Amino acid sequence: YVILLIKLIIFKYPRAMMRAIILDWDISNISRHIQSANFIPFLTIKNYLNAYRLNSLSTMIIFKNLVGNIVAFIPFGFLLPMINSKFKKLKVILINAAIFTMSIELFQLITNLGEFDVDDIILNVFGAMIGYLVYKSGSFIFYKIIKKDKTS
């Protein structure tokens with residue numbers, strides 16, 4: 001799952017384009033990337049919703065960027081508590097999702113293999129929260145069924 005996420009988020013460009021970006025990379029470009037980054041929470045989300053309302057941007061682009069960022073991290077919140085008992089609390093899931101997403105965003109900022117956007121972090125963490133709620137709901141239902149079977 002993590003490898004797929006990294007492929008979709010960081011290595012999304014064609015190989016030739018990635019090679020050109022990497023060969024063109026220079027430390028002095030970082031300040032340019034910082035200037036084009038979005039550090040204002042909810043700005044990109046608001047702009048997408050306004051564009052949707054005004055029909056000035058493709059619905060598919062808006063859907064891909066907003067819903068895609070949420071859906072991509074639902075498995076994060078669902079799988080972590082299944083893998084390790086240290087991840088059984090929502091707070092731990094949210095902190096780990098934020099750290100993981102922030103790492104990806106900072107990598108994009110430094111390498112130019114994407115754009116830094118604080119709204120991506122917000123949407124990804126929201127997706128992880130949904131995944132965790134799905135996990136908790138599924139666990140509750142699963143244990144109710146097992147408990148019912150044991151009492152029968």
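Keep in mind the model is a prediction, meaning the values are calculated, not measured.
- Thr111 and Ile21 make their closest contact through O-CG2, 3.7 Å (heavy atoms, listed as atom of the first residue, atom of the second, distance).
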Determine whether Asp120 and Phe73 satisfy the following criterion, side chain to side chain contact (heavy atoms under 4.5 Å, CB included), listing intermediate values before the conclusion. CA-CA 11 Å; Asp120 288 351; Phe73 273 76; over 6 Å; no

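- Note that the CH2 atom of Trp25 and the CD1 atom of Ile110 stand 8.0 Å from one another [nearest 0.5 Å].
- Few gaps surround CZ on Phe87; more than 12 heavy atoms of other groups in view lie less than 6.0 Å from it.
- Residue Leu57 comes nearest to Ala51 through the heavy atom pair CB-CB, 3.7 Å, listed as atom of the first residue, atom of the second, then distance.
- Here the side chain of Asp119 pairs no donor or acceptor atom with the backbone of Pro41 at under 3.5 angstrom.
- Of the candidates Asn47, Leu49, Leu43, Ile45 forms a side chain to side chain contact (heavy atoms under 4.5 Å, CB included) with just one, namely Leu49.
- Residue Ile3 qualifies as open at atom CD1: its count of foreign heavy atoms under 6.0 Å is 12 or below.
- Asn124 places no side-chain N or O within donor-acceptor distance of the main-chain N or O of Thr101, the cut-off being under 3.5 Å.
- Relative orientation of the Phe76 and Phe100 rings is parallel, given thresholds of 30° and 60° on the angle between their planes.
- Contact detail for Asn38 and Ile40: the closest heavy-atom pair is OD1-N, 3.0 Å.
- Cluster membership for Phe107 and Val2, using ILVMFWY side-chain heavy atoms within less than 4.5 angstrom, is shared.
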Walk me through it: do Met18 and Phe11 pass the test side chain to side chain contact (heavy atoms under 4.5 Å, CB included)? CA-CA 8 Å; Met18 297 253 322; Phe11 301 108; 2.8 Å; yes

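- Met82 and Leu80 end up in the same hydrophobic cluster when Ile, Leu, Val, Met, Phe, Trp and Tyr side chains are linked at under 4.5 Å.
- To the nearest 0.5 Å, the span separating CD on Gln35 from CD1 on Ile30 amounts to 12.5 Å.
- Applying side chain to side chain contact (heavy atoms under 4.5 Å, CB included) to Ile62 and the options Thr59, Asn65, Leu66 leaves one that passes, Leu66.
- Residues Ile99 make up the rest of the hydrophobic cluster containing Ile95, defined by ILVMFWY side-chain heavy atoms closer than 4.5 Å, directly or through other members.
- Ile27 and Ile34 fall within the same hydrophobic cluster, defined by Ile, Leu, Val, Met, Phe, Trp and Tyr side-chain heavy atoms under 4.5 Å apart, directly or through other members.
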Walk me through whether Asn29 and Arg32 qualify under side chain to side chain contact (heavy atoms under 4.5 Å, CB included). CA-CA 5 Å; Asn29 292 338; Arg32 208 167 359 119; 2.3 Å; yes

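- Closest approach of Tyr13 to Leu113, counting heavy atoms only: CE1-C, 3.8 Å.
- Residue Val125 is grouped with residue Ile6 when hydrophobic side chains (ILVMFWY) are merged at heavy-atom distances under 4.5 angstrom, including chains of intermediate members.
- The minimum heavy-atom distance between Ala37 and Phe39, with the atom names listed, is CB-CE1, 3.6 Å.
- You'll find the side chain of Leu94 stays beyond 4.5 Å of the side chain of Lys91, heavy atoms only.
- Remark: side-chain polar atoms of Gln108 are not paired, donor with acceptor, to backbone N or O of Asp117 under 3.5 angstrom.
- Put simply, the side chain of Tyr132 gets close to the backbone of Lys88: a donor and an acceptor are under 3.5 Å apart.
- Looking at heavy atoms from C-beta onward, Ile122 lies out of side-chain contact with Phe126 at the 4.5 angstrom threshold.
- Lys12 places a side-chain N or O within donor-acceptor distance of the main-chain N or O of Ile9, the cut-off being under 3.5 Å.
- Tracing side-chain contacts under 4.5 Å through hydrophobic residues (I, L, V, M, F, W, Y), one never reaches Leu8 starting from Leu123; they form parts of separate clusters.
- Between Tyr1 and Pro75, the closest heavy-atom pair is CE1-CB, 3.4 Å.
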Check step by step if side chain to side chain contact (heavy atoms under 4.5 Å, CB included) holds for Phe116 and Met102. CA-CA 9 Å; Phe116 180 95; Met102 179 71 80; 4.2 Å; yes

